[in-house]
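Every chain is numbered from 1 and lettered A, B, ... according to where its sequence line falls, protein lines coming before strand lines. Just so you know, these numbers come straight off a predicted model, no measurement behind them.
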Amino acid sequence: MELSDLNSAQQEAVLYCDGPSLVIAGAGSGKTRVLTYKIAYLLSQGMEPWNILALTFTNKAANEMKERIGRQVGLEKARRLWMGTFHSIFLRILHYEHEAIGLSSDFTIYDAADSKSLVKSIIKEMGLDDKTYKPGSVLSHISAAKNRLVLPDAYMRDAQLQKADQASRIPATGSIYKTYWNRCRQADALDFDDILLYTFLLFQHRPDILAKYEENFHFVLVDEYQDTNYAQHAIIWQLTQRRKRVCVVGDDAQSIYSFRGANIDNILTFQQLYQGARLFKLEQNYRSTQNIVEAANSLIRHNRGQIQKDVFSRKEKGQPVHLFQFYSDLEEAAGVAKKVIGLHRFDHIGWNDIAILYRTNAQSRTFEEAFRKQDIPYRIYGGLSFYQRKEVKDMIAYFRLAVNPNDEEALKRVINYPARGIGATTVSKVIDAASQQGISVWQVLMNPANYIPSMNRGTQVKLYEFVQLIEGFRAAVNDEDAATLGSRIAKESGLVAEVFRGREPEDITRQENLQELLDGMQQFVDDRQQEEGSERVLMTHYLQEISLISDLDESDDSSTEKVSLMTIHAAKGLEFKVVFIVGMEENLFPNQMSDNSLRELEEERRLFYVALTRAEEQCFLTHAQNRYRYGKSEFCSPSRFLDEIDRRFVQEDTSSAIGTRKRSASGFSALFDDDQPFGPRRSYGSPERMDLSRFTSIPSGRKVNTFTPSRVYVPETSSNPSDPGQYPVSQTQTEAGTLRIGSRIEHSRFGRGEVIALNGSGMDAKATVRFDNVGTKQLLLRFAKFTLVD
DNA sequence: ACTAATAACATTTTT
DNA sequence: TGTTATTAGT
């Protein structure tokens, strides 16, 4: 380990290990570096790796740190560290100590969707109106309570909470919470929040067990401390209260998860809780140019109540932050795409070094389409993760049942999938009986006639067969390894047969996903076996691993360079040479949902701060004057945040974009027009130049343009003088080309087929297509999603 | 009990 | 505009 790799502030933070310390690490100041060096330093001082606990928020951060430490001290040592996410480490502890807290050894984890579904059914069962009691919002109340370590009874006894719920006209929240709690217990299931809550309770009720862990963890490190919630904070306190050898690292200016319960006070009051805690500030930013750092500083100054710090850069001054205005969201995307091409082609910036950051996932679509049109390789982060896809969740539900048949949510998912004649009525009868008797659904299923006298013979037989099916899997759960059992379940449950029946493109994807899941299990088993030696890798181990994984996307293909598209939240912790922050408009960023309170506005501002500080060399801000929202075009004014950045660091490249050029050209085309019309030249927002030929009637056999852009402006015929004279019409085609009789196309839903007729004109142009698998269909070209084949 | 049609809905979301 | 959830229809 080379301490000389560190600046003096970093060194001090690494070397002080005798008591509690708080490291305030400005953006790009080498926070991860300090953590890894500190761990390496502790090891070099003779501390054993298993005496060190290092907690992160994401698997990604944990893995990255493991890898970096592995490089310094060797993989063998690194592997023995207690390093991982809060949830994974505590889940491990709960597995060891399950008995002490009255948990079954086979408990399973409810993911967010399971929790929501359970809350929803409870609301229904209680006969409450799900308009007043929105499952999502009730769940966030429950989650908030758990994160503050408030149990159901305490919730109902708490006068303040009761008053608040009364005022919000949701007085039953407490009793929903209680029922939810009981149902989870009956199901032997923990939700994400329970992992923290139960750990806290375990340590609180069993000082002997706490002492054991306290004894073991000689040093505790916590990353991203600004994002901890109260429960996490409390557990850290439990574990460190005696030795007080703890180092927390974070940046209050980058706290962007308070909506998930993160409490910024944890970091702000750390020094009061840990008397005499040393404070280290990492203020030198190694990531970004001076201009970017200064711009970000000037922005965040508008927040109050932060830990005073002075982040600076010694890199070159660099370019100012560029600001561009566009007429519409479509032009924004097209303009950004164009600029990206320019950066790549003329400035030789790699695709990997460019990121497009936006506030909401919905904004990704326009960029996706603009990039596809320009042949820019891109990768969208976020969206549905692998483990959230239906077929994968179904499969995992069977796995969960095999380990824990009481798992109500898993059971509900697959009791009639694939269809086996157990209808909704039967299922709700069974669930009602179970909750009436205070037993698990599975217990009812084992002896349905006993609990539901009215049940007819045929249904009983079907239920019996289902129970037998699951029992068959259960019998093997401690003998067969995860992969073997997994593929057996895939087959015997009928899931594979069900999914492999279809031949349509989406079916193929689903089949591939199932295959990937099974392959992944084999991989997991192989890896684990190598790591842990001879011990058998069981289904329960597999479930424990994947229950806390959100996106395994990393694996897909990092070989090819791609531009990254993601939300700002997803970008936290990452850095890129060039960053575009798009959609800088009021009501979008800051989001309109957060204009109720100063607190939320400040969080939005921190979010913008995070976005700005992702950039190493260049940063582009863009906003549009009109934007599609929920199908309608809306006027948008520039974000107030734009005015909050000191003018000295901004270059406004916008005046020429609007008005002067008939509001047709974008800011970028004014500046970067490289005379490269893309595709058939489409002049967005410039009706007078619109090529209308494709809207005229199409004699059969003649070529017809299938237009590329996602959306096209069509001139308004009976124009109203007060409006801009342009009406957006949606197009959803995916690829350009010409369509004629005999063309082969591939439709996103119907698969491949041949065009046998073309008719209609203008907006109504239709194609009749004989599909290979699904017969003949009429496609309205305006809407159809297809591509030309050959 | 399934599909088809329609209504409702729509931030961010490390685990 | 897109998705998703519920409802109606056979």
Touch class at under 4.0 angstrom, heavy-atom based, for A/A419 against every strand present: sugar-phosphate
Parallel, tilted or perpendicular: ring planes of A/F367 versus A/F371, cut at 30 and 60 degrees: perpendicular
Comparing A/F57 and A/G421 on DNA chain B - which has the more 5′ nearest nucleotide: A/G421
Salt bridge (charged side-chain N to carboxylate O under 4.0 Å, His left out) involving A/E224 - partner list, sequence neighbours excluded: A/K31, A/K572
Residues A/R413 and A/D394 bridged, charged N to O under 4.0 Å: yes
Length of the CD-P vector between A/Q388 and C/dT3, whole Å: 16 Å
Spacing of A/Q363 atom CD relative to C/dT1 atom C1', expressed in whole Å: 15 Å
Mutual orientation of the aromatic rings belonging to A/Y198 and A/W181 [parallel < 30°, tilted 30-60°, perpendicular > 60°]: parallel
Between C1' of B/dT14 and CD of A/Q254, the distance in whole Å: 14 Å
Residues which pass salt bridge (charged side-chain N to carboxylate O under 4.0 Å, His left out) with A/K412, listed by chain and number, not counting sequence neighbours: A/E409
Rounded distance in Å - CG (A/L548) to P (B/dT13): 18 Å
d(NZ, A/K572; P, B/dT15) in whole Å: 12 Å
Atom pair distance, as rounded to whole Å: OH in A/Y198 and P in B/dT15: 22 Å
For nucleotides 5-12 of chain B, print each protein N/O atom paired with a nucleotide N/O atom at under 3.5 Å, atom names and distance only.
unit_1, atom_1, unit_2, atom_2, d
B/dT12, OP1, A/N361, N, 3.1
B/dT12, O4', A/R359, NH2, 3.0
B/dT12, N1, A/R359, NH2, 3.4
B/dT12, O2, A/R359, NH2, 2.6

Phosphate OP1/OP2 of B/dC2: any A/N416 side-chain N/O under 4.0 Å: yes
Rounded interatomic separation in angstrom, taking CG from A/D111 and C1' from B/dT15: 11 Å
Sugar-phosphate only, base, or nothing, as touched by A/G573 at under 4.0 Å among non-hydrogen atoms: nothing
Span that lies between the P atom of C/dT4 and that of B/dT13, in whole angstrom: 16 Å
Closest-nucleotide ordering on DNA chain B, the 5'-leading residue of A/D193 and A/R420: A/R420
Torsion-based syn/anti label for B/dT12, 90° from 0 as limit: anti
A/F641 and A/F608 aromatic ring geometry - parallel, tilted or perpendicular at 30°/60° bounds: parallel
From NE2 (A/H233) to OH (A/Y225), nearest 0.5 Å: 4.5 Å
Whole-Å distance separating the CD atom of A/E368 from the C1' atom of C/dT1: 15 Å
